[in-house]
4 protein chains.
Amino acid sequence: MPRPIDPALRRARRLQIIDAGLTAFAEHGYAGATTAEICRIAGIGSGTFFHHFPTKNSLLVAILELGVEETIAFFTARDPQRPPRQVLSDYVEHAVGDLADPRAAGFITVVGGLTAHPEIAAALQADEDTTRSRLRDVVAAAQQQGQVRDDLPADRLAVWIMLLVDGFASRVTTGGFDVRTEAPLLQEQVGALLDGPRSTPTTPC
Amino acid sequence: MPRPIDPALRRARRLQIIDAGLTAFAEHGYAGATTAEICRIAGIGSGTFFHHFPTKNSLLVAILELGVEETIAFFTARDPQRPPRQVLSDYVEHAVGDLADPRAAGFITVVGGLTAHPEIAAALQADEDTTRSRLRDVVAAAQQQGQVRDDLPADRLAVWIMLLVDGFASRVTTGGFDVRTEAPLLQEQVGALLDGPRSTPTTPC
Amino acid sequence: MPRPIDPALRRARRLQIIDAGLTAFAEHGYAGATTAEICRIAGIGSGTFFHHFPTKNSLLVAILELGVEETIAFFTARDPQRPPRQVLSDYVEHAVGDLADPRAAGFITVVGGLTAHPEIAAALQADEDTTRSRLRDVVAAAQQQGQVRDDLPADRLAVWIMLLVDGFASRVTTGGFDVRTEAPLLQEQVGALLDGPRSTPTTPC
Amino acid sequence: MPRPIDPALRRARRLQIIDAGLTAFAEHGYAGATTAEICRIAGIGSGTFFHHFPTKNSLLVAILELGVEETIAFFTARDPQRPPRQVLSDYVEHAVGDLADPRAAGFITVVGGLTAHPEIAAALQADEDTTRSRLRDVVAAAQQQGQVRDDLPADRLAVWIMLLVDGFASRVTTGGFDVRTEAPLLQEQVGALLDGPRSTPTTPC
DNA sequence: AATGAATGAGTATTCATTCAT
DNA sequence: AATGAATGAATACTCATTCAT
């Protein structure tokens, strides 16, 4: 008599709304995206939206939390035997893969500077912290194995990897920047970052 | 009854509002910044705001145009004798100098993805085009003098310089990233970009 | 497939919802009480609520009708031999007994001025009319027996008894007013009402 | 150049909105009255409403504060020479005068049980406390002069005066209750309250 | 019967913009 | 020029009600 409600349906509906939110936020920014448009994209009524997310804020937070989960999943799935330097390269490739969806790129650039609502700021910080600490660990491992320069602390290198990815994302939204074409150059830049400055040309033969 | 208003005063008032707009946009994003807050920051009444800018849009456009002017001024002021590769380095230093004002960094990251209003999109495109074409010219000159790799077109390298600067800007807004400390690493990255990949270590002597 | 539902269960469920409605209306007013909260208090789902009451209006009407029934029951249960003046006193005591439940007092004060929906207005009027006519009959009987002043029509005295009870109810909701402590003063006031003004002190012995 | 804005106009506009709020609250209750209707009654746009009152809450609070001011003004304006018992009678007459406006009566009954928002609860309490303490002082003075029974504390008598006025107000909103006709009976009841129970008729001469 | 997901009309409030002074 | 009062369209969010299971 009670309710054999399918939790999978609920989850699917949530994802449907999250997807619509990603689209709308990427296109108009957080404040510029209206819940009405998100509902239109998701093909639902406004009541349904708020049935699943108590506030617009909470939708953004949910999207960010999904990103955190994905980041954790990525690093968790790494083969422990794989050389750390390769893992860093894999990460960049993984990030590029995400950015192949222009909505992801738009979302990243658009959401970057949200500090107004504390909940959002906290979620953004959590996202940042997760990626940063995971990258730092891998960088540190690579340093220990001599695969990465060690004149800079692992944390700083981790931040710079994120910097390069963010810069890359910021270009995706402008026209004439093909993710696949430019990906090798991104890898090249990350490589230069991790190798450090070219040994002085004084090196004799 | 007549009003021979001092045009200098008018200009000063405009700049005062532009400055307030920069602050507000950087902090809350374009849609998130209200004209009321801009007025509060500028210390003026709402009527005065719309006396000088017909719409909120137009204020953003004015800020972007100021950026274009500044970019043009930067490149115009270069000593024609200075080696192009040095000019690129100067540009990066100049950009870092701007980013020392965290409002500028916030403004860049926040305004990046505005495509909603056509006027704004046009102004953003103009900003982008100006910097890109000026940089391209300098990069091309550097290539001709053999100071920069020539396996990539000048335009693409110009875009990547902007990419690095944008990535740098996106990090300024997050805590723990000191512009002055990190600037050398940015120059290093630009250097790596312009030099191209390290000659393969397999090169025997 | 068939469903020979126990009507007693149905009745119990209705009372459960009515009780929850009484609580919610008393606390937040009619418009302020949400069906969601009523459901929460009753421990049921929203679907169940509307299974038993087609609208929120109808719940309020049901509560009022219950009040009418109770009023009728009270007067019907009176011993015909009991002096009418005593019956009036009994009625006041009965009303005070109801008001010992602060929800009842809140409900009365909160529902008093509802004229928006015609159904509710009608139900309120019915409640009012029932009490008023029953009281009037008793007052008239008491007047005939010389137990109550007859310089005022019975109907007007009936209204004033209700006035005193309403005033009493309005005080219950404010703090520091103990129903049991104050009840004797209410009886005293009703007594003064029914006796009429103190005979002029000029009365010589 | 600045703004020689007439503060009197502002005050007038506020009163205009307060008056409209009184009407709407009295008719539909607090939650039932919409800001849209208040605006319609006041003949203003919704923006204007919120230009003068930041929230619907604040309008109700303003109305209550006006009531407090009026109460204070009433007691302040009393001739100190006037016998306290007369002042109590004057107060009742004053209250009846207010209730001649059916909106005032509706407002009192409708707003009585608002405890949801703390601001409103506080304003209601302030209203209550003001009237109660002023009445108590007068009652105490009357007791000292032997004009009022002293078997009950002044505070309790003050509360009961308010009780009678509230009950009176609750009847105004129902049809067939003429304020002017019924006022003498209210004075009679207040008199009975202050005199105390009729000396037992058993008292022989 | 009972449930809770879905709905959309309605609500308080915000905000860019206009205009009389 | 400068002001701030006035405006109403737009917005996030609520809530009574419906309906498939």
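Just so it is clear: chains get the letters A, B, ... in the order the sequence lines come, proteins before strands, and each one is counted from 1. Remember, predicted model here, so these are calculated numbers, not experimental data.
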*Would you indicate whether the side-chain heavy atoms of D/Phe53 and D/Val61 approach each other to under 4.5 Å?*
no

*So which pairs with a foot in residues 44-55 of chain A pass salt bridge (Lys or Arg N to Asp or Glu O under 4.0 Å), sequence neighbours left out?*
none

_Per the salt bridge (Lys or Arg N to Asp or Glu O under 4.0 Å) rule, what does the pair list look like for residues 45-68 of chain C, sequence neighbours excluded?_
none

Can you tell me the distance, in whole Å, between the [atom1] atom of [X] and the [atom2] atom of [N]?
X        : N      : atom1 : atom2 : value
B/Leu60  : E/dA16 : CG    : P     : 13 Å
C/Asn57  : F/dC15 : CG    : P     : 16 Å
D/Ile120 : E/dA12 : CD1   : P     : 12 Å
C/Phe53  : F/dC15 : CZ    : P     : 20 Å
C/Leu59  : F/dC15 : CG    : C1'   : 15 Å
D/Lys56  : E/dG10 : NZ    : C1'   : 12 Å
A/Leu9   : F/dC19 : CG    : C1'   : 15 Å

*asked:* Suppose we screen for salt bridge (charged side-chain N to carboxylate O under 4.0 Å, His left out). Which residues come up paired with D/Glu27, at least two apart in sequence or across chains?
replied: none

*Got a sec, which residues hit salt bridge (charged side-chain N to carboxylate O under 4.0 Å, His left out) with B/Arg103, two or more places apart in sequence or on another chain?*
B/Asp19, B/Asp101

At under 4.0 Å, does any side-chain N or O of [X] touch on OP1 or OP2 of [N]?
X       : N     : answer
D/His51 : F/dA5 : yes
D/Arg13 : F/dA5 : no
B/His52 : F/dA2 : yes

*Considering only heavy atoms, which members of residues 18-39 of chain B lie under 4.0 Å from some atom of DNA chain F?*
none

*For DNA chain E, the residues among residues 40-50 of chain A that have a non-hydrogen atom under 4.0 Å from it*: A/Ile44, A/Gly45, A/Ser46, A/Gly47, A/Thr48

*Tell me the side-chain hydrogen bond (donor to acceptor under 3.5 Å, both in side chains) pairs involving residues 30-46 of chain D, sequence neighbours left out?*
D/His28-D/Glu37, D/Tyr30-D/Asn57, D/Glu37-D/Arg40

*What residues form a side-chain hydrogen bond (donor to acceptor under 3.5 Å, both in side chains) with D/Gln16, not counting sequence neighbours?*
D/Arg13

_The criterion is side-chain hydrogen bond (donor to acceptor under 3.5 Å, both in side chains); which residues satisfy it with A/Glu119, sequence neighbours excluded?_
none

What side-chain donor-acceptor pairs closer than 3.5 Å can you find for residues 105-113 of chain B, not counting sequence neighbours?
unit_1: B/Thr109; atom_1: OG1; unit_2: B/Ala105; atom_2: O; d: 3.4
unit_1: B/Thr109; atom_1: OG1; unit_2: B/Gly106; atom_2: O; d: 3.0

*Mind checking side-chain contact (heavy atoms from CB on, under 4.5 Å) for C/Glu69 and listing every partner two or more places apart, or none if nothing turns up?*
C/Leu66

*Could you state the interatomic distance from CD1 (A/Ile63) to CG (A/Asp127), rounded to the nearest 0.5 Å?*
11.5 Å

*asked:* Only Watson-Crick and G-U wobble pairs, only distances under 3.5 Å, only runs of 3 or more: what stems does that leave for DNA chain F?
replied: E:2-21 with F:2-21

